[in-house]
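See structure below.
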Number of protein chains: 2
Amino acid sequence: MSERLPHTLRSDALDNRASLLDAARALFSADGLDVPMREIARRAGVGPATLYRHFPTKQTLIAEAFADQLHACRTIVDEGCADPDPWRGLRGVIEKICEVHALDRGFTEAFLSTVPGGPDLAGRAYTLEALAGLARRAKDAGGLRPDFVLDDLVLVFMANKGIRTRSAATQVAASRRFAALAIEAFAADPERAPLPPAPRLATAANKPAAANNSAATNEPAAGGGS
Amino acid sequence: MSERLPHTLRSDALDNRASLLDAARALFSADGLDVPMREIARRAGVGPATLYRHFPTKQTLIAEAFADQLHACRTIVDEGCADPDPWRGLRGVIEKICEVHALDRGFTEAFLSTVPGGPDLAGRAYTLEALAGLARRAKDAGGLRPDFVLDDLVLVFMANKGIRTRSAATQVAASRRFAALAIEAFAADPERAPLPPAPRLATAANKPAAANNSAATNEPAAGGGS
DNA sequence: ACGTTAGCGGACGCCCCCGTCCGTTTGGCT
DNA sequence: AGCCAAACGGACGGGGGCGTCCGCTAACGT
């Protein structure tokens, strides 16, 4: 029963794994997350079974494929937080995140989809937390309007996702313009009228509730167990 | 002998047609345009063949289902144009259109999808035209920022589409807030920095190919000739 | 060099969707 | 009431994606 799983992959297996991740990244970026698994396998030059062996569920593949993108996002946020001018930092975050999303369709979907048990939720929570602090400082510094809430940022990122154009160049241009508009809207200005109430989107109480997707969280029972 | 095709539907056929449109509206609104045709038929209590008989293509069904919504949109624009204060009129248009889109997911998709030969393109063109005039007047009146372009409006509507929440109430709240933010961004303010260039999205030259003609003077070669 | 076995990929069954055909029902008219 | 055809709906064939199984290949250890 206690079979030692060899944690060292064979060389060809390692190669295939890399090819699969490359293919997944390329296809997800270009076409979104709805690309068929077989398409990814085909592009990687392997059979479907190989794909499923390495990544038993699509979630796994997505998580691994976008791990570095997610890291880039975190870096962007960290850089923004490190800026001595918090309002400039926040603006930079908005611009850069929007650009990243404009360049990678799949990542946008993965980043914003509230998939139950999503792999990036931890990172997402961290990011939101850091952004909350940055926003508070930006408000105190006077650049960010006082009635800004964190959900507004989520709103902007979700909205940015809705922007879809034909060419990649247009996509970036549109996203850039949109980010600039969002920043304009967020700028503090004493003459402004108050905004309508903000909805709760991502911060707190975002429970998955209905289990429309059984995420099969099988734990391999590492220890002896019964 | 001379078979007159009766353009009057039988009573049951008329009933079914109405049921189908009702079902389509309900499902499109709730779940978007991707609902299976059979689902609509099932909901209407008819067989799939009946659906296909009344609406040979999904486009036809969509067009008919959203005819009044589209009319409502046009009315909104007309009312906005009729406002003696063009800037207030434009703001009203943004708010109302965003609200309509928030309430009806399918309509948003239908409205914004650049389906080739889409049924609503004519209405859309008209709407855009009217909005262009309104925007010009709002600029002249000083409420709307001078570097606003019509594509910015398209951008906002596309972005609004990207906002998706769980409950309908949240959806409306989010859309309302977003519309308010967009309006803030569009407001004229002498202190503002210029925006990045606007991408071409919907206005003019939206042809997928053969758009940039190097030979500017295209002679139609009016047939007569030899 | 050889055996072992990790790893591979083609093939399979399942489900869902699409669009159409034909036997049957039923409304409308005399 | 009775006819007729307009209208109905169940059924069919086609296509595509999903996740899995099994016989075979070739990488690794000795």
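Worth saying up front: this structure is predicted, and the values here are computed from it rather than measured. We name chains A, B, ... by the order of the sequence lines, and we start the count at 1 in each one.
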R53(A) CZ to dG9(C) P, in whole Å, measures 8 Å

Test for a donor-acceptor pair under 3.5 Å between the base of dA6(D) and the side chain of R10(B), counting only N and O atoms.
-> yes

Residue D12(B), side-chain atoms from C-beta onward, closest of dG9(D), dT20(D), dA7(D) | dA7(D)

Closest nucleotide among dC8(C), dC12(D), dG10(D) to the R38(B) side chain = dC12(D)

Run the salt-bridge test on R105(B) and E109(B) with the 4.0 Å N-O cut-off and return the result as yes or no.
-> yes

Side chain of L9(A) (C-beta onward), nearest among dA11(D), dC8(D), dG7(C) | dG7(C)

Please confirm whether the backbone N or O of A65(B) pairs with a side-chain atom of R25(B), one donor and one acceptor, at under 3.5 Å?
-> yes

Report yes if a side-chain nitrogen or oxygen of H54(A) is closer than 4.0 Å to either non-bridging phosphate oxygen (OP1 or OP2) of dG7(C); otherwise report no.
-> no

Among dC8(C), dA7(D), dG10(C), the one nearest T50(A) by side-chain distance = dC8(C)

What is the minimum heavy-atom distance between F148(A) and R177(B), and which atoms define it?
-> CA-NH2, 4.2 Å

Show your working on salt bridge (Lys or Arg N to Asp or Glu O under 4.0 Å) between E99(B) and K96(B) and close with a plain yes or no.
-> CA-CA 5 Å; E99(B) 176 145 353; K96(B) 285 175 198 153; over 6 Å; no

Remember a base hit wins even if backbone is also touched, and classify A13(B) as base, sugar-phosphate or nothing at under 4.0 Å, heavy atoms.
-> sugar-phosphate

From the list dA7(D), dC18(D), dG19(C), which nucleotide is the closest neighbour of the side chain of Y52(B)?
-> dG19(C)

So, is N16(B) close to the dC8(D) phosphate, meaning a side-chain N or O under 4.0 Å from OP1 or OP2?
-> yes

Taking only the side-chain heavy atoms of P36(A) (C-beta and beyond), determine which of dG10(C), dG17(D), dT20(C) contains the nearest atom.
-> dG17(D)

